[in-house]
Amino acid sequence: MNMHTWRGKLDRGVQAKYMNHQLLKPFSQEWIWEQAIVEPQIILFVKEQLNDYDELVLQWLLQNKGNTVTEQEQLINAMKIQLHISGQQALFSLLSLAEFGVIQCRKHPWKGHMWQMPYPVFHNWRSTINQEFQYWKQSRDLNIAYYTVDQGNMIPLGKTLMYILLAMNKLDLSYTKKGELAKLTREKLTALSASIDNEFLRDHLPHLRKQTYGANLMFFLELAYALQLVEETDVGLKLNMSHINEWLLLHEWQREALHMQWMCEFFLVQPYYESTAVTISELMTCNAGLWYEIHAPSYELQLLLSMWRTSGWLTTLSEKNSEYGTRMFVQRHIFALHSQSQLAIQDNGEIIVMPGTSYRQLWLLEQIAERISEQEIIVYKLTLQSLVKALTTGYPLDQIKQWLGQSCDHDLPQIVIHMLQAARTTYEESRQRVNMSSELFEVNQDKVTVPSLMTSKNEKKVTNCSLLHMEVVFRDALHLLRPIEQWGKWLATTNLVLDEPLLEHEERYELLTMQEYGSITTSWMTECRQYHYSTSKQIVQLAINHQLSLQIKKEGELLYFHPNRMLEVDDKWVVEGVFDRQQSDELQLEQLNDWQGIKLHIATVL
């Protein structure tokens with residue numbers, strides 16, 4: 001999973017400081033931070049160099065609160081209770097990890113310091129460090145006949161988005177006086193986006209900015225905007241054909257994984273779905289094509305899984321058992337790791353498209369042929385009408401013929417060659433007819449309108465129809481997600497922290513140095529020894545006030561103790577707390593006069 005959504009959130013100066021950290025500096029000559037921080041070999045190297053406390057905090061963040069936007073006090077208190085470390089040690093470990101960007105702290109104007117791991121860091125570090133699945137268990141002996149099968153949508157999300165973009169390329173995308181797309185445009189796009197409809201979108205989507213668009217269409221517009229495929233101007237929408245071309249060139253798995261990442265980043269920061277982040281993150285690393293089982297999935301997780309099913313990413317099985325509760329089985333769909341450019345062109349003009357065919361090939365096929373069936377294998381058919389329409393749109397016949405020839409591993413069938421020649425003749429005759437009446441034929445640099453050749457009255461207006469160059473392109477591509485904004489373009493997110501200022505390096509350093517400790521007697525921090533009873537009470541109270549640990553000597557053994565409060569019991573002072581990293585949550589009661597030595601313990605940083 002990439003870090004591209006965070007490229008716009010962290011300027012190069014901040015990333016350079018991260019890479020200058022002693023743990024990442026060995027890789028600074030060959031790597032940039034946004035790639036280094038999610039590289040498995042680098043992740044494992046860094047983990048091995050962490051001190052015990054920093055590794056403990058990191059593991060806890062990856063299991064629990066890392067992906068959730070959390071206030072500093074709440075995060076530290078949770079670590080104190082669950083990890084049995086001091087509040088000061090918890091803060092120092094957070095700051096230590098923040099020094100190279102594993103977790104980031106942002107300054108909220110009224111909530112103070114807010115902490116969160118970028119989702120790609122959370123996902124990649126968790127899957128690299130925790131090799132064993134915690135939530136999903138592979139099921140080896142599964143009889144599907146005993147379960148309810150919900151296969152969902154067999155067309156993946158990316159392909160539906162491509163069909164919507166193809167339609168947008170032929171529709172009027174200018175705004176009406178109300179500042180929205182025309183009714184006819186909305187209706188066509190809404191019909192295409194209907195395949196994604198499910199309970200998740202209907203009931204749990206963030207606030208819709210344009211109610212007339214509907215949840216399904218606004219979801220696709222948000223995704224297209226995040227992928228930088230669609231831009232908004234004052235007068236309407238426009239397609240970014242350069243970015244569309246990059247996106248079409250992605251391998252099938254790259255493209256769908258990119259969409260999964262966006263969905264995780266956009267929706268898992270919503271308070272309703274925070275708790276499902278770990279489970280979904282783990283599911284993304286499960287092997288495709290195998291069945292995995294989870295017991296008693298939460299309602300929120302079931303909703304997200306239904307959305308993934310609708311997106312064409314997985315199939316689920318479910319059962320109800322009164323003794324063991326609900327069980328669910330999930331199988332992630334297999335997507336091609338590499339794209340192929342070869343098409344099978346039949347003697348009758350049909351074109352067989354196998355799984356894994358480059359989406360760029362599909363886009364171009366949509367321009368020159370009619371799609372007649374779509375399952376795992378797609379079938380297109382070249383017709384005289386479809387070829388004439390392609391010529392009218394602006395594709396030269398020679399380019400179409402060359403592209404078809406390059407896209408198959410055999411000579412073009414004779415019927416296809418004759419059809420291409422007939423399309424040229426029909427197109428030229430049509431041009432001659434319409435040239436006789438200037439009212440029926442108009443050609444501008446940016447607009448092509450030929451009413452006599454259109455197949456539908458509703459398609460008469462074709463505005464800014466942009467063309468991909470008709471050629472076979474077969475290469476790896478990289479596509480960047482737009483940084484997720486405080487407010488979505490069409491869907492309003494509730495995660496206010498994403499656009500807040502990042503805690504500066506100098507500010508982190510001030511927190512690390514803890515200048516207020518200068519008022520504490522130096523000897524109390526340097527030597528574990530026995531003090532007067534009143535002095536020992538004073539030291540314990542200081543530890544409680546500053547969330548510090550105590551090093552105590554008891555029965556000749558040196559131990560670390562985290563005090564919560566002091567109690568007076570039977571004229572004796574008792575300290576309530578926990579021993580450092582103890583395995584149980586049971587609070588310990590320690591007699592102050594049982595200690596042969598005491599010292600304030602100040603945490604250290606890497």
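Keep in mind that this is a model prediction, so the values were computed, not measured. FYI, the numbering just counts along the sequence from 1.
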Looking at every non-hydrogen atom in both residues, tell me the closest pair between [X] and [Y] and how far apart they are.
X    : Y    : result
P40  : T128 : O-CG2, 3.8 Å
L157 : W313 : CD2-CZ2, 3.7 Å
L161 : A224 : CD1-CB, 4.1 Å
N348 : K381 : O-NZ, 2.9 Å
L181 : L189 : CD1-CD1, 4.2 Å
G349 : V416 : CA-CG2, 4.1 Å

Using the ring-ring contact (aromatic ring centres under 6.0 Å, His included) rule, pick out the option among F219, F220, Y119 that qualifies with W262.
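Per the ring-ring contact (aromatic ring centres under 6.0 Å, His included) rule, the option paired with W262 is F219, out of F219, F220, Y119.
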
Partner of T315 by side-chain hydrogen bond (donor to acceptor under 3.5 Å, both in side chains), out of H333, Q151, R309
H333

Going by atom types alone, do [X] and [Y] pair a side-chain donor with an acceptor below 3.5 Å?
X    : Y    : answer
S339 : E252 : no
W247 : Q254 : no
N240 : S242 : no
E370 : S386 : no
E428 : Q432 : no
N198 : T310 : yes

Approximate separation, where rounding is to 0.5 Å, of [X] [atom1] and [Y] [atom2]:
X    : Y    : atom1 : atom2 : value
L314 : F329 : CG    : CZ    : 14.5 Å
D411 : I345 : CG    : CD1   : 10.5 Å
L142 : L317 : CG    : CG    : 5.5 Å
E30  : Q35  : CD    : CD    : 12.0 Å
E39  : E34  : CD    : CD    : 13.5 Å
L192 : M162 : CG    : CE    : 11.5 Å

Within the distance-only criterion (no hydrogens, no angle test), does the side chain of [X] pair as donor or acceptor with the backbone N or O of [Y] below 3.5 angstrom?
X    : Y    : value
R360 : E471 : yes
N216 : L201 : no
H243 : Q228 : yes
K389 : A369 : no
S407 : L343 : no
Q302 : P297 : yes
T357 : V353 : no
E256 : G158 : yes
N245 : M241 : no
Q361 : Q342 : no

Side chains of [X] and [Y], heavy atoms from C-beta outward: is any pair under 4.5 Å?
X    : Y    : answer
Y163 : M168 : no
H259 : M263 : no
L165 : W363 : yes
L239 : V230 : yes
S193 : T160 : no
I155 : E374 : yes
L301 : L305 : yes
V330 : W308 : no

Cation over ring face, R255 and Y359, 6.0 Å, 45°:
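Yes, R255 sits over the ring of Y359.
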
Considering only distance and modelled atom types, tabulate donor-acceptor pairs under 3.5 Å from the side chains of residues 278-294, sequence neighbours left out.
from: S281; atom 1: OG; to: H123; atom 2: ND1; distance (Å): 2.8
from: E282; atom 1: OE1; to: R126; atom 2: NH1; distance (Å): 3.4
from: E282; atom 1: OE1; to: Q134; atom 2: N; distance (Å): 2.7
from: E282; atom 1: OE2; to: Q134; atom 2: N; distance (Å): 3.2
from: E282; atom 1: OE2; to: Y135; atom 2: N; distance (Å): 2.6
from: E282; atom 1: OE2; to: W136; atom 2: N; distance (Å): 2.9
from: T285; atom 1: OG1; to: E282; atom 2: O; distance (Å): 2.7
from: Y292; atom 1: OH; to: N287; atom 2: N; distance (Å): 3.2
from: E293; atom 1: OE2; to: H295; atom 2: NE2; distance (Å): 3.1
from: E293; atom 1: OE2; to: R327; atom 2: NH1; distance (Å): 2.9

Does the side-chain contact (heavy atoms from CB on, under 4.5 Å) test come out yes or no for I42 and I37, once each step is laid out?
CA-CA 7 Å; I42 296 178; I37 202 65; over 6 Å; no

Can you check side-chain hydrogen bond (donor to acceptor under 3.5 Å, both in side chains) on E180 and T212, steps first, answer last?
CA-CA 9 Å; E180 57 187 27; T212 56; 3.0 Å; yes

If you apply the rule side-chain contact (heavy atoms from CB on, under 4.5 Å), what do you find for L404 with L382, and how did you get there?
CA-CA 11 Å; L404 286 171; L382 289 169; 4.1 Å; yes

Residue among T190, L237, L173 satisfying side chain to side chain contact (heavy atoms under 4.5 Å, CB included) with T185
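So the option named by the test is L173.
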
Would one find more than 12 heavy atoms of other residues, nucleotides or ligands at under 6.0 Å from atom CG of D234?
no

CG (D347) with more than 12 external heavy atoms under 6.0 Å
no

Could you walk me through whether Q340 and M354 pass side-chain contact (heavy atoms from CB on, under 4.5 Å), step by step?
CA-CA 9 Å; Q340 62 180 29; M354 301 302 292; 3.3 Å; yes

SB check R424 D398 (cutoff 4.0 Å):
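D398 and R424: salt-bridged.
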
Charged N to carboxylate O under 4.0 angstrom, E232 versus K238?
no

For F335 and W253, take the angle between the two ring planes, folded into 0 to 90°, and tell me which bin it lands in: parallel under 30, tilted 30 to 60, perpendicular over 60.
parallel

Could you walk me through whether E366 and Y380 satisfy the side-chain hydrogen bond (donor to acceptor under 3.5 Å, both in side chains) test, starting with their C-alpha distance in whole Å, then the side-chain angles of each, then the deciding distance to 0.1 Å, before giving a yes or no?
CA-CA 8 Å; E366 292 282 333; Y380 285 89; 2.5 Å; yes

